[in-house]
Amino acid sequence: MTRAEEAKARHHQLATQLRQHDHAYYVMARPSISDPEYDRLYRELLDLEKEFPELVTPDSPSQRVGGEPLKNFKQVRHLMPMMSLDNTYSQQEVRDFVTRVQKIVPNEKLEWSVEPKVDGVAMNLRYENGFLTVAATRGDGTTGDDITSNLKTIRSVPLKFHDLAGTHSNRSAKHAESDLFGSEKQAATRVPTLLEVRGEVFMTLAGFKKMNEARVAEGEEIFANPRNAAAGSLKQLDPRLAARRPLDAIFYGVGRVEDGDVPQTHEEWLELLSALGFKTPEWFRVCDSTDALIAAIDELDKVRRSFKYETDGAVIKLNNFPLREKVGYTSKAPRWAMAYKYAAEQAQTKLHNITVQVGRTGALTPVAELEPVFLAGSTIARATLHNEDEIKRKDIRIGDTVVIEKAGEVIPAVISVVLEKRPATAQPFDFFQHVHGKCPVCGGMIRRDPEFVVWRCENIACPAQVTRHIEYFAARAALDIESIGGVVADKVVERGLVRDPLDLFSLTVEQLATLNLGTTDAPRIFGEKNATKAVQAIERAKTFPLSRWLFALAIPEVGKTTAADVAKFHDDLTEAAQSPLLADVVAYHDAREKKLKPEAEAIAERLVASGFAHRSKRKNEKDEGIVTEVGPVVAQSILEYFAADAGKKVLQRLDELGIHPKGEKSAKKDLGAQPFAGKTFVLTGTLPTLSRDDAGAKIQALGGHVSSSVSKNTSYVLAGAEAGSKLEKAEALGVKVIDEADFLKMCEV
Ligand code: IVH
């Protein structure tokens, strides 16, 4: 064999192995190899492709994240239109639907499939001779956006059909045996030469949550729900950005089919798709009566919240394909299918009153005070009314019976009024009049920018705002002044002892001891013992490090993680306030945006040299870009905070109070080596000598990170006695597990 022939054979072997490992990991959720081992195979494949570029085929595992950003999406025509589904919220209408279909084919025995309606973005994937050639969004049903590059980044999507002789079905063994494509018969199956596979791209709930948290930390706008997030991700013109989003896909149908031995039922189609390497619905029923169908719909409702993605209904389809054709289509939707949508959980209750809350930013929010009612697992006595315009639009009046709704994790909201139940005494609500044109807390001026829907209290010294600020300042994650919780904060502000958080440092034991936390009739005096404790806690806060202080100041966009990241690179507040690093981050993104490449590169160089950024080095990525410790929005926000008068005053007061929080930079310098830089640890179980906090502190001091959950990116799991599921997960993922002795050895540098 020549060297080139050898390389070709090895490349084929590697590509096949990587494909199988991807399938095991992303489709079956059953990893079959450790991360380093996978990386080794992948690197070998890349090396071969570098030496022999002709080996780079579109289905190579290296081609998942490739290509340059697009200018716009090309339009693609679907080979068969993508129709929509009729839908209903009523089980009676489901029964009527069955009757209707039966009337069209009176002599046929009907079998119905039921599966989840995935709340994602509809997708059409074209496979030619087994290779993914085009992927497109639904668009107007006839023509959609060509999002092939973005779709390829979804690792559970096969770039090429799996060999049918293999045993890759992710459906149950019971199914596999009984169907046409069971193991013995698979070898004989001829797969269509052209196949449009249809399904839904979604963002997992966990991925969505994590991504939004990261976006909050970076000061970026968050997505309203996983579906928007998935749609937004697919609209990225740069596939490298799409690759970073936690997307996944489920397939439930086909469009154009050419040649091949094809199944006659939906159930068998799902089997075939699964055998070809696709992820198919994890819950699926075939029902032979209307009652069974309704029961399946109810059963799905009970389990659907445990799925990794959001579902908003059940899709009912005729199982038999030839029958489907007999039943036919309207211009928009098949007559043989229907979506049953589950209602968000709702309840009716009486609206006793509307109160107005003032938030930390001064926003005035109308809140419905309700007759308590049980809904989706908890008793609800208050629900948001959002804002003045929403109250008007829904014509909500005090005394009305209202419908409230709780969807997922969100705060309960008032949806509508039950007009039939409106009493004659119901009072229309006028926001401005209701609060007498003033802030309900401080009586200050309120203003509503005509562009926005929110009324705001204009008084920055408004006690409602000040109280919230103080609570935030004293919270455990900030300066941990335990005794200054809600009521005490309220009282010190009410008594005029504290006007802003830094006033806490002037409080005396005497002032606090006499505070009445109760009422005049039922007094509850704070007392000397508590007061002394509080003053000690306040004193202790003076010694807290920069990271805590940066967080406590409630600088917009600065969360706990950001504060810690910034603190690592600055000696003190004064340095952070005028940080050249932060200024560089802003300038770098500016230059990138303006396409000033040399300027951007010069700044990038500086940032990388300082350690505040690193080169993005994702697999197979040629981007010359950098990843900075904090994003430009955060950087800008910090600089603006300290440049403004209020921020300058804070710095001056801290100086006067003798508070000079130290950054973690000096500590870092002293240590010299950072052996754990870039390493992520997960702690589990009880260690023989170290407490978790101690172990965590050591890891951080040596430059590492501590994470609470095990993933592919975990470097080490430090396990002690009675380690549980994290240890199992580490073993499953092939993450290195160490004990305390190993750990202590690693710390000795
Ligand atoms: S079948 C001709 N099955 O719902 C019917 N659709 O409201 C083709 N959807 O455009 C659709 N889960 O985006 C089907 N299991 C499922 C589905 C599903 C979600 C979406 C799909 C469709 C929309 C119709």
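As the structure lists them, so they are numbered: ligands from 1, and atoms in each ligand from 1.
- Shown in contact with L85 at under 4.0 Å from a heavy atom are these atoms of ligand 1, numbered in order with element: 5 (C), 6 (N), 7 (O), 24 (C).
- Every atom of ligand 1 with a heavy atom of A122 under 4.0 Å away is listed here by number and element: 13 (O).
- Taken to the nearest 0.5 Å, the CG atom of L132 stands 5.0 Å off from the CG atom of L125.
- Of the candidates W336, Y252, F251, it is Y252 that places a heavy atom closest to atom 16 (C) of ligand 1.
- Taking the six-membered ring where the residue is Trp, Y127 and F278 present perpendicular rings, their angle passing 60° and hence far from 30°.
- Within the 3.5 Å criterion, the main-chain N or O of L234 finds a donor-acceptor partner in the side chain of N150.
- Residue-ligand proximity, V315 to ligand 1, at heavy-atom distances under 4.0 Å covers atoms 3 (N), 15 (N), 16 (C), 17 (C).
- Between Y309 and F202, the ring planes are tilted. Angles from 30° to 60° get that label.
- Using bins of under 30°, 30° to 60° and over 60° for the plane-to-plane angle, the ring pair Y329/W336 lands in the perpendicular bin.
- Of all atoms in ligand 1, numbered sequentially from 1 with element shown, those under 4.0 Å from a heavy atom of P334 are 2 (C).
- In R198, neither the side chain nor the backbone holds a heavy atom less than 4.0 Å from any atom of ligand 1.
- At under 3.5 Å, a nitrogen or oxygen of E115, whether backbone or side chain, sits near a nitrogen or oxygen of ligand 1.
- Relative to atom 10 (O) of ligand 1, the option among M80, R324, R138 with the closest non-hydrogen atom is R138.
- Taken to the nearest 0.5 Å, the CG atom of D298 stands 7.0 Å off from the OH atom of Y342.
- In P116, the part holding a heavy atom less than 4.0 Å from any atom of ligand 1 is the backbone.
- With a 6.0 Å cutoff to the six-membered ring centre and a 45° limit on the axis angle, R304 does not count as a cation-pi contact of F307.
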